[in-house]
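Each chain gets a letter, A, B and so on, in the order its sequence line appears, and its residues count up from 1. Since the model is a prediction, treat every value here as computed from it, not as a measurement. Heavy-atom basis, side chains included; hydrogens, waters and symmetry copies ignored.
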Amino acid sequence: MVKQFFSLAGAASGVKMFFLKGEAWRLSFLVMLALVAVITAVQPGYILPYNLLVKLRTWLPLILAAYGQTFVILGGGIDLSVGTMIALVNVTAVEVMAAGGFSPPSIVLGLLCGIAAGLAAGAVNGFCVAYLRFQPIITTFATGIIWTGLALWIRPESGGGVPMELYDLYSGQFLFFPLVVWVVLALFGLSWVLKKSSFGVHLKAVGGNAPAAFETGLPVARIRLSSYMICSVFVSLASFCILGETITGNPYAGQGYDLESISAVALGGTSLAGGIGGPVGSVFGAAILKLVNDAIFFLGIPVNFQRLMQGLILVGALAAGGVLSKKNRGKSKDES
Amino acid sequence: MTLLSAQSIKKRFGGVTALSGADFDLRSGEVHVLLGSNGCGKSTLCKVISGVVRPDSGTVRVKDRLLEDITPRLSRERGVGVVYQELSLVPSLSVAQNILLGMEKVNGLGILRDTKNEEALEEIFSEFRDLFPRGFSLETMVHALTPDLQQLVEIMKVLARDPEILIFDEPTASLSKEQIDLFFGILDRLKAKEKGIIFISHKLEEIFRVGDRITIMRGGKHVGCSTISSITRDEIVHLMVGDIFQSEYRKSSPYRSGRELLGGRGLSGRSIREIDFSLGQGEILGLGGLQGQGQRAFLLTLFGVEPLHEGTLEREGRAVSLKSPKQAMRESLAYISGDRKKYGVFLIRSILENLFISRVILNTMPLFRRKTLKGSADSVIQDLGLVYDTLDRPVSTLSGGNQQKVIIGRWLLNNPAVILMDDPTKGVDVKTKKDLYELMERMCQAGCSVIWNSSDDQELLQNADRVLVFREGRVIRELSGKDLNESTLYRAALGVDDPAEEGR
Amino acid sequence: MKQHIARVLDPTVLVFSLCLVLLAIGQIVSPGFAAPRQIINMLVVASFLGIVAAGQSLVVIGGKNGIDLSVGNLVTFGAIVGGAVMRQQDQRLMLALLAVLFFSFLVGLLNGTGVVFFGIPPLVMTLGMGIIVAATNRFITGGVPVGGASPLLRILVVGRIGGVPGILFWWILIAVLVLVLLHNSRYGMNLYALGSNETAAKLSGVSVVPMRIITFGLCSLLAGLAGFLYLGYLGSVYNITLGDKYTLASVVAVVVGGTALTGGVGGYRGVFFGAIMLQLLESLLITLRMEQFGRNITFGVVLLLLIFMYGRDKKLRM
Amino acid sequence: AGRGEAKSEGFVIGVSNPWVGSEWRTQMVDRVQEVAQPYIREGFIKEVVVQSFDVPLEGQIDQIRNLISRGADVILVNPADANALNPVIREAVQRGIIVIATDTEVSSPDAINVAIDQAEWARISARWLVDKLGDQGKIVAINGISGHPANTARVRGYTEVFRDASGIEILNQVNADWDNALGQSTMQNLLATYPDINGVWVQDGMAEGALRAIRSAGRDDIYVTGEARVGYLNLWKETGIDGIGVANPPGCMASALEVAVQLLKGRELKDGVLSGPFGNTLYVPVPVVVTNLNFDTVYNEYKGYPDYYSVDGHITPAQAEQFFK
Ligand SMILES: Nc1ncnc2c1ncn2[C@@H]1O[C@H](COP(=O)(O)OP(=O)(O)OP(=O)(O)O)[C@@H](O)[C@H]1O
Ligand SMILES: Nc1ncnc2c1ncn2[C@@H]1O[C@H](COP(=O)(O)OP(=O)(O)OP(=O)(O)O)[C@@H](O)[C@H]1O
Ligand SMILES: [Mg+2]
Ligand SMILES: [Mg+2]
């Protein structure tokens with residue numbers, strides 16, 4: 001009887017493993033392909049390399065933001081300040097570049113300062129959440145307001161006289177391939193590294209069960225702090241992409257990226273409760289969000305239905321993911 | 001050699017004193033048993049040693065080096081490994097990841113060195129393999145495992161760290177006999193390697209089997225330390241509970257057979273099998289046996305929490321189907337759990353709300369005045385001897401015993417006919433225990449019946465008119481009359497007299 | 001002593017004192033800031049947020065990461081549906097109100113269903129539902145709002161009795177109802193129990209699933225009602241994003257009012273003053289002629305300070 | 001098909017609008033589709049493809065790229081930023097697409113702007129206010145979204161006027177994000193803070209909110225500027241104020257379409273018609289300024305329209321031809 005019980009449990013865990021082996025992104029990948037297929041059916045040019053490349057350029061900021069957000073969420077937090085952080089990084093970089101007359105060294109310096117500003121913002125978020133134990137949602141909302149304030153202080157309105165060269169740089173080639181392609185490849189590479197690294201495991205441990213991670217001797221606060229800082233690096237990169245695309249210093253850049261990046265993460269199969277998932281899914285999740293918009297446009301759906309479709313698809317995908325993961329979800333962290 | 005010593009450790013949690021000057025020391029090559037009643041501070045002491053709990057005062061030394069401002073990380077580095085009572089596993093990670101958590105072998109870039117890690121895992125797992133089901137993989141997520149296997153994973157996790165000092169906090173509570181045997185084998189080998197081992201268990205026979213020395217705690221400090229060979233069971237029990245427990249309590253009024261208040265035929269559920277029972281008015285029906293054999297599941301099934309797969313349940317002869325606690329409450333059932341933090345109390349809410357939550361649910365009027373509620377609690381509060389400041393204070397400001405009284409009060413306010421008690425005296429002091437026993441007797445005299453699950457055999461035998469002995473989800477024996485004694489209960493629980501068990 | 005400190009730090013008291021401090025500062029730097037008329041003005045503006053935050057606090061108190069990010073869109077929804085049904089006619093006022101309440105409650109039930117039955121985290125469930133509601137708003141109006149408040153509704157909201165506009169009476173009425181609901185009703189007791197310990201609540205007879213779903217329903221209903229009253233204040237809907245600002249502001253008001261996002265604690269008393277405090281702060285910063293960036297930074301820092309005082313998670317090391 | 005030769009299947013007109021929050025934008029999109037109808041009937045235009053959605057800046061870039069993919073010959077944009085679209089405009093122009101920005105001016109040398117002069121638009125009502133106050137008084141201003149180019153131009157416009165009027169003191173300037181409701185509550189705040197306000201410079205739907213706040217505070221001694229929208233006109237009629245309503249025409253995109261049609265026909269712009277900060281703007285006149293002098297005429301014309309409707313106007317084909325050689 002006992003043995004029988006064991007084998008049942010074993011079979012059940014086999015089924016669960018199929019879904020939970022960190023492969024939740026498979027589903028999002030399929031959805032993404034399906035959307036591309038649908039659009040291509042009505043707009044064959046959509047799948048041409050040139051078009052996809054151009055698309056990638058506009059999607060990359062969200063992909064990067066969602067990628068960064070995944071780290072925070074995996075570690076059991078959330079970051080509602082990524083949108084305004086994008087603006088802060090953007091205006092910082094542009095201001096520094098402008099001060100140097102957009103000379104090549106000043107551009108490099110501007111990018112470095114931008115990342116530094118992003119890292120500082122991420123560090124503040126991380127410090128408040130990890131060390132002061134502030135509740136993440138409301139904390140990052142509050143810091144987000146502050147980032148906007150700082151961005152407006154640095155540059156009250158958009159502009160900055162950024163030269164077209166920056167756009168050429170962003171849309172240009174690097175070692176025979178477009179820069180954005182390299183970035184995406186690097187993201188996949190990094191995901192692999194994360195999966196293979198002890199940091200990835202530790203991050204998931206902290207997000208999955210912080211007290212247990214602490215009792216095991218993991219530096220929980222430091223890991224959570226670094227999750228916010230890593231996020232801020234990707235957010236800075238997202239900000240640079242926006243800068244390359246819009247060649248404008250804009251204190252309102254990145255509006256809406258916070259909630260959209262969270263949606264992308266959820267669509268990518270990462271549990272918002274933390275501990276389960278990974279950044280690859282978020283890449284596909286972000287692509288899905290963008291593709292839904294394109295599908296709506298190319299299918300010629302009336303303007304007034306567009307948002308409805310968008311919402312329905314989002315909720316539908318989440319519900320499907322919920323049903324799937326409900327079947328194999330771990331005991332939620334705190335049953336109490 | 002003294003590996004570890006803890007001196008006059010004090011720790012308060014809010015109003016509760018968990019440790020009030022505990023001393024402890026551990027030598028290499030010994031299994032040092034830590035024993036004491038529930039809530040006496042054993043786990044807290046372990047957590048102080050491992051740095052999970054920061055003591056208010058006192059010192060911990062490892063090999064004569066003072067551990068200052070201990071964190072789990074620091075204690076691990078100094079060679080302390082702990083199997084926590086509540087486990088420290090991450091459910092969403094695989095068994096392998098959990099075992100190696102925080103000590104994975106990585107290369108310079110932080111990338112896991114798979115082969116090395118696998119080797120380490122293999123080495124540890126080889127010993128345990130037979131206890132895991134066929135086809136089990138180390139890649140299985142921990143949440144998919146049964147509690148006993150999770151406990152084994154937690155043990156492997158500590159062994160993987162190869163610490164010099166090992167602390168096992170009630171590791172055997174959820175293990176089967178073969179699993180325990182294997183575990184004790186491991187303990188022997190660790191001993192041979194001159195490791196120091198702290199072992200906590202409430203089962204005396206285990207203590208005598210593996211222990212070398214024993215420290216007994218009461219009320220947050222040690223009250224005695226001795227080698228196992230020079231102490232008797234009676235002495236241990238005496239040290240544990242002190243002198244107070246002299247007055248032997250025994251339910252005075254015997255059960256007078258009357259109507260059946262609750263009865264069941266062939267009840268089967270997730271973890272209970274074909275249970276028949278009958279509960280007469282005024283009776284206390286005990287549930288006994290080893291812990292975790294389906295007693296709680298049985299109570300939860302009666303209370304509508306666990307689903308009933310087969311069988312019929314009758315309330316005063318009427319077939320009833322109880323699908324939720326609310327329905328059970330409407331049939332005048334009440335459920336009192338000793339695991340109050342999890343199942344009973346709303347720590348951050350007021351005493352008043354904790355008392356009235358169930359009463360209000362059964363009220364026909366959806367609205368109430370708090371003043372009126374307060375007034376109507378008076379008699380119950382007096383009955384229970386509840387000590388409190390005002391009813392608007394959070395219940396967390398009460399001591400555990402008083403919290404437990406609040407939960408009992410919650411159900412008394414509903415005038416229950418059948419009281420289901422699930423180890424209600426866990427972490428309750430002797431005086432309060434006695435109050436509870438007397439209260440239950442009064443309730444029975446007033447026409448209630450009680451089903452009482454207890455992990456404390458003494459308590460069970462003192463209170464119950466009959467005892468159903470559980471094993472693997474079944475009732476394997478019913479004890480009553482002169483059979484109500486420890487040896488019969490014990491034999492039944494272990495299946496000694498059961499012919500079906502003999503062949504195993 | 002310790003209990004004494006705890007009482008001083010009672011969020012309601014703290015937030016209320018903060019309101020007084022802000023009024024005092026305002027009065028000093030700009031005489032007239034604390035004049036009764038100005039206070040009433042600020043209360044009027046705060047009232048809509050206050051009503052939305054009432055619903056939000058129910059969801060938050062219920063625990064399990066309860067949060068509702070669809071409330072902003074529901075405010076717009078309430079205003080649009082109200083206007084479309086009412087078509088500026090008094091005799092359709094009741095019908096419009098019922099329609100708003102019914103449909104917004106329905107939206108909330110859907111939120112609750114997604115959360116309870118599909119296991120979608122409230123954050124994203126309500127976010128997605130917010131998009132759907134926003135889309136519905138667009139769909140109903142075709143981008144151009146139809147109808148508007150009837151004269152009676154306008155009187156009920158902005159008409160004054162003894163200098164006090166109607167909306168404040170409605171707000172107080174709603175506040176009293178919510179307080180009774182939370183502290184003197186079966187629902188409230190169940191909700192707090194649920195938020196502080198779901199397992200124990202279930203074992204005490206709380207019907208967990210209906211409770212959660214109804215709570216989301218009530219939250220949406222209050223947001224829709226706020227939108228309906230807002231319509232009375234505005235006259236007509238000009239902007240199909242008019243409610244957006246209430247989404248996160250309501251969460252902020254809830255936190256500022258001392259209701260922990262972890263559930264089980266807090267109540268509407270603090271949130272009521274929380275909403276007022278946010279408005280006072282906003283007004284004060286405008287009066288100080290502080291530039292946008294300074295207002296943002298001040299606002300964010302004040303919020304962080306309040307979180308520091310009572311928005312913190314439990315320690316890992318005890 | 002290049003410029004100058006009619007495409008046999010007709011030209012495709014793309015419209016990019018990055019914000020759907022306001023009825024003004026809806027009217028803009030509706031109006032351009034309406035104006036395209038005759039051209040569609042005669043086969044000159046094949047269709048008008050609309051990308052209208054709430055998107056951030058990069059989202060609008062994506063919109064324009066989608067329109068390029070869709071084969072647009074002309075792209076009419078209401079840009080969210082003056083500079084941010086320059087790269088994508090260049091992409092489009094390099095593929096032979098005509099890009100015309102409207103409402104807000106873009107700095108791209110590849111595009112032309114067809115718009116009213118926002119600074120001048122603001123000056124009209126500012127001058128009126130100064131006039132009414134007799135060069136003496138304390139005023140407040142309620143602005144749109146800080147940093148938005150149209151807002152910046154307007155602030156520049158009225159600031160010039162008020163600076164030149166020595167007796168006018170600006171007490172405070174507040175952003176109410178072109179939100180009617182926010183305009184109303186902001187006005188309430190301002191009224192309570194500054195009991196001695198004589199005038200308010202305010203624009204857009206916010207004007208109606210501000211006026212409501214002023215009236216419900218029982219003040220009828222404050223001059224308010226406004227925008228020519230039906231709701232505002234109704235309130236004007238109801239309260240009998242002495243007001244001004246300057247039309248900010250949603251039809252500007254329709255004007256842009258008329259210009260595009262000329263360009264598609266291969267016509268060339270006259271020398272010197274382009275001006276503006278970037279030297280690439282074709283200013284179209286403000287269609288209507290409503291004051292008590294012409295109030296009744298305008299009111300009667302627009303009486304039947306819903307509140308949100310803006311008093312509108314766009315250039316006719318004949319007027320468009322005036323700009324061309
Ligand atoms: N985190 C905590 N917060 C508040 N009180 C606590 C906490 N941890 C332990 N306590 C209290 O400290 C006392 C000692 O608890 P501890 O867990 O050490 O007992 P124990 O001897 O391990 O009991 P058991 O045999 O039941 O495991 C108890 O009264 C308990 O309620
Ligand atoms: N999880 C927890 N969080 C916060 N406080 C807790 C927790 N668990 C227990 N406590 C504290 O523990 C106290 C009650 O626990 P406990 O069961 O140890 O009391 P006790 O000392 O055993 O009392 P008694 O002697 O009456 O049994 C309360 O004061 C409460 O503050
Ligand atoms: Mg213990
Ligand atoms: Mg106790």
Whatever's closer than 4.5 Å to a heavy atom in chain A on B:Y84 counts as side chain
The reported gap from CG in A:L218 to CZ in B:R76 (rounded to nearest 0.5 angstrom) is 7.0 Å
Highest number of heavy-atom pairs under 4.5 Å with chain A among B:V82, B:I111, B:T71, B:L87 belongs to B:I111
So CZ of A:R222 and CZ of B:R73: to nearest 0.5 Å the spacing works out to 5.5 Å
Highest number of heavy-atom pairs under 4.5 Å with chain B among A:A205, A:G200, A:G275 belongs to A:A205
Note: A:S197 and B:L112 closest approach over all heavy atoms is C-CG, 3.9 Å
Between B:S88 and A:E215 the two heavy atoms that sit nearest each other are CB-OE1, 3.3 Å
d(B:L93 CG, A:H202 NE2) to nearest 0.5 Å is 9.5 Å
**Message:** Could you tell me if the side chain of B:P91 sits less than 4.5 Å from the side chain of A:N209, heavy atoms only?
**Reply:** yes
request  = Inspect the surroundings of CZ in A:F174 and state if more than 12 heavy atoms from other residues, nucleotides or ligands are less than 6.0 Å away.
outcome  = no
Greater than 12 external heavy atoms within 6.0 Å of B:E77's CD:
yes
Per-residue tally against chain A (heavy atom, under 4.5 Å) across B:L74, B:L89, B:V106 peaks at B:L89
So, the part of B:D114 with a heavy atom under 4.5 Å from chain A: the answer is side chain
Residues of residues 152-162 of chain B with a heavy atom under 4.5 Å from any heavy atom of chain A, in residue-number order, are B:K157, B:R161
Hits for ring-ring contact (aromatic ring centres under 6.0 Å, His included) against B:Y343, two or more places apart or cross-chain, chain-then-number order -> none
(Q) What I'd like to find out is whether the side chain of B:S92 reaches to under 4.5 Å of the side chain of A:K204, using heavy atoms alone. (A) no
